[in-house]
Structures are given as structure tokens and as C-alpha cells.
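A note on names: the letters A, B, ... follow the listed sequences, proteins ahead of strands, and every chain is numbered from 1. Just so you know, these numbers use all the heavy atoms, side chains as well, and skip hydrogens, waters and symmetry mates.
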There are 2 protein chains.
Amino acid sequence: MSAPGPGPPASEQELVERAEALAGRSLGDVAAGLRVPVPPDLRRAKGWVGQLVERALGADAASRDEPDFRGLGVELKTLPVDGAGRPVETTFVATIPLHLVGDVPWEGSRVQRKLRRVLWVPVEGERARPVGDRRVGAALLWSPDPDQEAALRFDWEELSGIIGRGDIESITAHLGRFLQVRPKAAHSRVRRTAIDAEGEVTRTMPRGFYLRTCFTAEILRQHYRLAP
Amino acid sequence: MSAPGPGPPASEQELVERAEALAGRSLGDVAAGLRVPVPPDLRRAKGWVGQLVERALGADAASRDEPDFRGLGVELKTLPVDGAGRPVETTFVATIPLHLVGDVPWEGSRVQRKLRRVLWVPVEGERARPVGDRRVGAALLWSPDPDQEAALRFDWEELSGIIGRGDIESITAHLGRFLQVRPKAAHSRVRRTAIDAEGEVTRTMPRGFYLRTCFTAEILRQHYRLAP
DNA sequence: ATGGATCCAGTGATGGATCCAT
DNA sequence: ATGGATCCATCACTGGATCCAT
């Protein structure tokens with residue numbers, strides 16, 4: 001049961017205007033406008049907020065390996081925040097192609113492409129608050145500044161180097177200052193084909209790159225200090 | 001709404017016994033035993049008969065690229081027949097991996113593996129007869145005799161040779177005496193990655209190998225002449 | 001009669017993320 | 001606080017085949 005929502009925005013400006021129109025509204029309100037039912041909590045609907053905001057803004061890439069707004073090259077990320085506006089969760093960036101071995105340049109990597117241009121949409125994310133009552137915050141169209149890109153690149157080269165050598169099993173979420181590697185699967189019995197350090201085919205848990213909250217917190221802090 | 005059905009049979013003998021117990025029963029009767037609803041016709045339920053018989057006999061490979069009865073290495077094929085016991089449709093055997101170029105030996109090919117050992121289950125298939133009233137016939141556990149295997153191999157080498165050279169687009173269903181190549185897709189706009197004769201990546205319609213009715217008719221004729 | 005077109009169910013991969021035990 | 005585990009939607013593909021215009 002749901003209504004189609006708008007078509008894709010024609011420009012970054014139009015996208016930002018739509019996001020501004022969303023700011024301050026509750027998720028229940030936005031969902032009602034799209035005829036989308038609101039789940040009681042997110043335990044069984046973990047991507048619900050992101051998918052709702054995609055539809056509200058007219059994202060058109062529907063689960064493809066392309067930017068959410070294809071014409072604009074912009075990626076959409078909702079960001080759950082606490083009462084003080086600090087991120088309460090890490091942010092998933094991209095899955096890791098485990099069958100590719102060897103060095104992959106940062107430029108052109110899936111992580112670099114995903115983070116080239118992002119519309120961050122903060123959303124109240126405190127567990128205690130009913131999902132429908134949570135409000136959308138002021139969105140922020142962002143690209144990494146040179147320092148941020150250098151920091152991401154540093155983490156990425158460390159982690160992807162380990163993966164490229166076939167040492168994926170040695171990676172824990174402790175590695176990486178801003179970017180980390182964690183499982184990305186339906187459950188812990190899921191296995192995916194990979195190549196180990198001896199060059200043998202093996203089965204391992206699918207993993208993804210995530211941004212730590214300290215990184216996304218800095219993006220928000222930067223923005224709200226510069227544009228209060 | 002449906003019941004589980006039996007576990008996998010432990011031997012070919014047990015499989016054949018189960019099939020014998022099915023012979024003469026109507027599809028409606030079999031479906032009722034498994035708590036499976038009967039569709040009004042097969043236009044919107046094309047694989048329904050095959051899936052029903054799979055469950056009734058305890059097939060366990062559930063859509064995987066393995067024999068339907070994994071422990072036994074036996075493939076199950078239902079065969080729609082007319083009042084005189086002649087097949088009314090071709091029989092799908094296997095999809096064609098279009099990204100593989102070059103010669104593939106018959107031995108070890110998907111077609112050869114699928115047809116190595118088959119339990120054929122004739123089922124009344126006349127359109128006019130209501131689905132629930134159609135009866136299951138006497139099953140037949142079959143392997144190709146040397147002449148049949150040679151004939152299949154001949155067709156397969158001709159067709160797979162054309163495919164291996166990248167000339168898939170030139171193949172029509174007219175080619176092949178017993179084995180033919182036809183589309184295998186949800187509809188005619190579906191495209192799959194393939195390699196053309198120039199070695200270029202291209203998009204073409206997915207196709208599969210099918211047995212002509214003259215081949216399956218001969219299998220039935222042979223059997224019922226030898227074991228009347 | 002049959003070559004080309006089509007239809008459903010189920011699995012696996014990916015994109016959307018958040019949960020929760022420690 | 002957070003590392004490891006988990007959950008839904010959707011798409012692509014495969015296996016089960018039959019439909020239907022000519």
C-alpha cells in the first residue's frame with residue numbers, strides 16, 4: 001500500500017529544496033503522504049527510514065549499483081542522530097568485492113565513488129522515540145574536503161591492502177580511524193566466495209565498509225558551525 | 001498454505017515405489033494430500049505440475065544446480081501427454097551459459113548431466129481437462145541408450161559449436177533433430193550478457209536447450225513396448 | 001504443429017541500514 | 001560505546017515448465 005512519490009529532481013538545487021521542505025516534518029507525516037505504513041520499531045525494518053526518504057526525495061536508482069540520484073551523481077544517506085544532533089550509528093558505505101585480489105586504486109573505488117557527493121539527511125534516531133514521531137533534520141549536501149579525502153584514502157588503502165593480500169579473515173572492526181570493515185549479511189552463517197592469502201578459493205562472511213560515527217559527527221559539526 | 005511432503009527417497013527403488021504409488025491418482029488428489037491449492041489452469045502457473053510432483057516424491061534440490069534427487073543423482077521431469085500417451089510439449093533441459101565461449105565437451109556439459117538419469121512422469125496434459133482432474137501416469141526411470149546418447153551428442157555439438165563461436169543470434173528452433181535451442185525468459189525484452197563472434201560483450205535473450213516431442217515420444221514408446 | 005513468447009516460485013546478491021550483548 | 005550480528009525490500013537469475021499466434 002503506497003503512493004509513487006515525486007520523479008527524480010532535475011538539479012542539485014531542486015534536490016536541496018525538496019530536502020528543505022522535509023526538514024522539521026515527522027516520519028509519520030512523511031509516510032502518510034506517501035501512503036506508507038509506519039512500523040512499530042525498526043528491529044524488523046532496518047532500512048525503512050532510508051527507503052522512505054529516498055521515495056520522498058525522488059531517488060531513482062532503486063537498488064542498483066549507481067548513485068541514488070542518477071542524473072545528479074548524488075548519493076543519499078540518512079543519519080540517525082540523538083537529541084544533541086550526534087550520530088548514534090555508523091554509516092554503511094559499500095560492500096567489498098572479495099573475489100578481486102590485488103591493489104585497487106582509491107580513485108575509482110566503490111568507497112570513493114559513493115562518498116564523492118552525498119546528501120546527508122539527519123533523522124532523530126533515539127530508540128525510545130516512536131518511529132512515526134521522529135523528525136527529519138536539515139539536510140546537508142557534502143563532498144569531502146581535501147583533509148577528509150586524504151584521511152579516508154589512508155584508511156582505505158590500509159584496509160583494502162589487507163583484503164587484496166587475501167587476509168580478510170584477519171580484519172576486525174578495530175582497524176581504521178574513520179573507515180572500518182564489518183560484516184554485511186543477513187546472518188553470520190552467510191558465506192561468499194573469496195580468495196585467501198595462498199590464492200585458494202575460500203568461503204568467508206560478506207563484509208562492508210562503514211564510516212565511524214566520529215567521522216559523520218565531524219561533517220555535521222563542520223556544517224552547523226559554518227552555517228548556524 | 002501447504003504441507004511438507006516426504007523427505008528424500010533413500011534409493012532409486014524407493015523413488016520408483018513412490019512414483020508407482022502416484023500412478024493413476026489425479027493431480028487434485030495429490031495436491032489435496034499436500035495441502036496445495038489447485039490453479040484453474042496453467043496459464044499463470046506453468047511449472048505447477050512439476051513442482052507438485054517434486055514435493056510428492058520428496059525432491060530436495062529446491063532450485064539449485066544439482067539433480068532433483070541429490071543423493072541419487074536423478075533428475076525429475078514431468079511430461080504432459082495427450083489421450084494416446086504422446087507428449088504434447090517439448091521438454092526444457094537446461095539454460096545456456098552465454099558468457100562461456102569456445103568448445104565445451106559433451107561429457108560434463110549441463111545437458112549431458114541433466115539427462116544422465118531421469119525419472120519421467122507422464123501427466124495428462126490436455127488443455128480442455130481441468131487441472132485437478134488430470135491423472136498421473138506410470139513413471140519411467142531412464143538413461144539414454146548408446147544410440148540416443150550419440151544422437152543427443154550430435155545435436156549438442158552442432159548447437160554448442162555455433163554458440164561457442166558467438167553466433168547465438170543465428171540459432172533458431174529449427175536446428176537440431178532432437179535437441180533444439182529456444183528462448184528461456186520471463187518475456188522477450190529480457191537480455192543477458194554474452195560474447196559475440198567478434199569477441200565483443202553484447203546483450204542477448206537468454207536461451208535454453210529443449211527436447212523435441214519426437215524424442216520423448218520415443219522414450220515412452222520404447223518403454224511401453226518393452227514393458228507392457 | 002511448433003517456434004517464439006511467456007509465467008511463477010525460490011534462492012542469492014545487493015542496497016537500505018539498525019540491533020544488542022558485552 | 002561499539003564490534004559483530006542481524007533484518008527487510010528489491011532485483012537478477014534459475015528451475016519448474018506451458019501458452020498461443022501463425
Side-chain angles (χ1 to χ4, degrees), chain A residues 39 41-54 59 61-66 68 75-80 88-95 97 110 114 123 125 127 131 172-175 180-193 205-208 210 212-214, chain B residues 39 41-55 59 61-66 68 75-80 88-95 97 110 114 123 125 127 172-175 180-193 205-208 210 212-214:
Chain A
D41 59 61
L42 300 184
R43 274 181 302 179
R44 303 240 153 218
K46 296 189 179 178
W48 186 82
V49 176
Q51 286 161 359
L52 179 74
V53 175
E54 278 183 350
S63 299
R64 272 166 286 212
D65 184 20
E66 299 182 53
D68 295 303
E75 188 72 22
L76 172 66
K77 288 290 177 197
T78 57
L79 195 52
V88 296
E89 287 290 348
T90 56
T91 300
F92 170 70
V93 180
T95 53
R110 295 167 76 164
K114 291 268 187 184
V123 176
R127 301 263 172 90
V131 174
T172 78
H174 296 276
L175 295 174
Q180 63 177 176
V181 168
R182 297 219 312 284
K184 177 71 171 84
H187 50 77
S188 56
R189 283 96 62 204
V190 174
R191 287 295 178 271
R192 192 74 47 81
T193 299
M205 178 177 302
R207 290 171 171 85
Y210 294 78
R212 291 183 186 277
T213 54
C214 60
Chain B
D41 58 61
L42 299 183
R43 274 181 302 179
R44 304 240 151 217
K46 296 189 179 178
W48 185 82
V49 176
Q51 286 161 357
L52 180 73
V53 175
E54 277 182 352
R55 298 182 56 169
S63 297
R64 271 166 287 211
D65 186 20
E66 300 183 51
D68 294 304
E75 187 73 23
L76 173 66
K77 289 288 176 196
T78 57
L79 194 53
V88 297
E89 288 289 349
T90 56
T91 300
F92 170 70
V93 180
T95 52
R110 296 167 75 164
K114 291 269 188 184
V123 176
R127 302 261 171 90
T172 77
H174 296 276
L175 295 174
Q180 64 176 177
V181 169
R182 297 219 313 284
K184 178 72 171 80
H187 50 75
S188 55
R189 282 96 62 204
V190 173
R191 288 294 178 271
R192 194 73 48 80
T193 300
M205 176 176 302
R207 290 171 173 85
Y210 294 78
R212 292 184 185 275
T213 53
C214 59

(request) Could you tell me the separation between the CZ atom of B:R207 and the P atom of D:dT14, rounded to a whole number of Å? (result) 15 Å

(message) On a heavy-atom basis, which atom in B:K114 and which in B:E75 lie closest, and how many Å separate them?
(response) O-CB, 3.5 Å

(request) May I ask you to say what A:G50 touches in the nucleic acid, namely base, sugar-phosphate or nothing, with a heavy-atom cut-off under 4.0 Å? (result) sugar-phosphate

(message) In whole Å, I'd like the distance from the CH2 atom of A:W48 to the P atom of D:dA9.
(response) 12 Å

(request) Among the candidates C:dA13, C:dT6, C:dG3, find the nucleotide nearest to the side-chain atoms of A:R192. (result) C:dA13

(request) Whole angstrom is fine here: how far is it from NE2 in B:H187 over to P in D:dT14? (result) 15 Å

(message) Is there a side-chain contact between A:V181 and A:L175 in this structure, where contact means two heavy atoms from C-beta onward sitting under 4.5 Å apart?
(response) no

(message) Counting the atoms with a prime plus P, OP1 and OP2 as sugar-phosphate, which does B:R55 contact under 4.0 Å by heavy atoms, base, sugar-phosphate, or nothing?
(response) nothing

(request) Look at the side-chain N and O atoms of B:T95 and state whether any lies under 4.0 Å from the OP1 or OP2 oxygen of D:dG15. (result) yes

(request) Answer whether the closest heavy-atom distance between the side chains of B:L79 and B:T91 falls below 4.5 Å. (result) yes

(request) Scan B:E75 against the nucleic acid and name what it touches under 4.0 Å (heavy atoms): base, sugar-phosphate only, or nothing. (result) sugar-phosphate

(request) State, with a plain yes or no, whether a side-chain heavy atom of B:T95 is found less than 4.5 Å away from one of B:P206. (result) no

(request) Taking all non-hydrogen atoms of both residues into account, name the closest pair between A:Y210 and A:F92 and its distance. (result) CD2-CA, 3.5 Å

(message) If you compare every side-chain N and O of B:T78 against the phosphate oxygens of D:dA17 (OP1, OP2), does one of them come in below 4.0 Å?
(response) yes

(message) Do A:R110 and A:V93 have side chains that approach each other closer than 4.5 Å (heavy atoms only, starting at C-beta)?
(response) no

(message) How close do A:G125 and A:P80 get, counting heavy atoms only, and between which atoms?
(response) CA-CB, 4.1 Å

(request) Write down the distance between NZ (B:K184) and C1' (C:dC7), rounded to a whole number of angstrom. (result) 9 Å

(request) Determine whether any donor atom in the side chain of B:K77 lies under 3.5 Å from an acceptor atom in the base of D:dG16, or the reverse, and answer yes or no. (result) no

(message) OP1 or OP2 of D:dT18 versus the side-chain N and O atoms of B:R44: is any pair under 4.0 Å?
(response) no

(request) For B:D68 and C:dA9, give me the distance from atom CG to atom P, rounded to whole Å. (result) 18 Å

(request) May I ask you to say what B:P206 touches in the nucleic acid, namely base, sugar-phosphate or nothing, with a heavy-atom cut-off under 4.0 Å? (result) nothing

(request) For A:R191, look at atom CZ and say whether over 12 heavy atoms of other residues, nucleotides or ligands are found less than 6.0 Å away. (result) yes

(message) Any side-chain N or O of A:R189 below 4.0 angstrom from OP1/OP2 of D:dA5?
(response) no

(request) Determine the minimum heavy-atom distance between A:Q180 and A:R182, stating which atoms define it. (result) OE1-NH1, 2.5 Å

(request) Locate the shortest heavy-atom distance separating B:T213 from B:T90; write the atom from each residue and the value. (result) CG2-N, 3.7 Å

(request) State the dot-bracket string of DNA chain C. Criteria: Watson-Crick or G-U wobble, both atom distances under 3.5 angstrom; notation: ( ) intrastrand, [ ] crossing earlier pairs, | interstrand, . unpaired. (result) ||||||||||||||||||||||

(request) Counting heavy atoms from C-beta on, name the nucleotide in C:dA13, D:dG3, D:dG15 closest to the side chain of B:K114. (result) D:dG15

(message) Any base atoms under 4.0 Å from B:A94, or only sugar-phosphate, or nothing? Heavy atoms, all strands.
(response) nothing

(message) I need the CG-P distance between B:L52 and C:dG10, as an integer number of Å.
(response) 13 Å

(request) Heavy atoms only: give me the nearest B:L76-B:D68 pair and the separation to one decimal. (result) N-OD2, 2.8 Å

(request) Please determine if a side-chain N or O atom of A:Q51 lies less than 4.0 Å away from the OP1 or OP2 oxygen of C:dA17. (result) no

(message) From the set D:dG3, C:dT14, C:dT6, return the single nucleotide nearest to any side-chain atom of A:H174.
(response) D:dG3

(request) May I have the distance from B:Y210 (atom OH) to D:dT14 (atom P), rounded to whole angstrom? (result) 13 Å

(request) Can you tell me the distance, in whole Å, between the CG atom of B:L175 and the C1' atom of C:dG3? (result) 12 Å

Report, one pair per line, the protein and nucleotides 19-22 of chain C atoms (nitrogen or oxygen only) whose separation is under 3.5 Å.
residue, atom, partner, partner atom, Å
C:dC19, OP2, A:R127, NE, 2.4
C:dC19, OP2, A:R127, NH2, 3.2
C:dC19, O4', A:K46, NZ, 3.4
C:dC19, N4, A:E89, OE1, 3.2

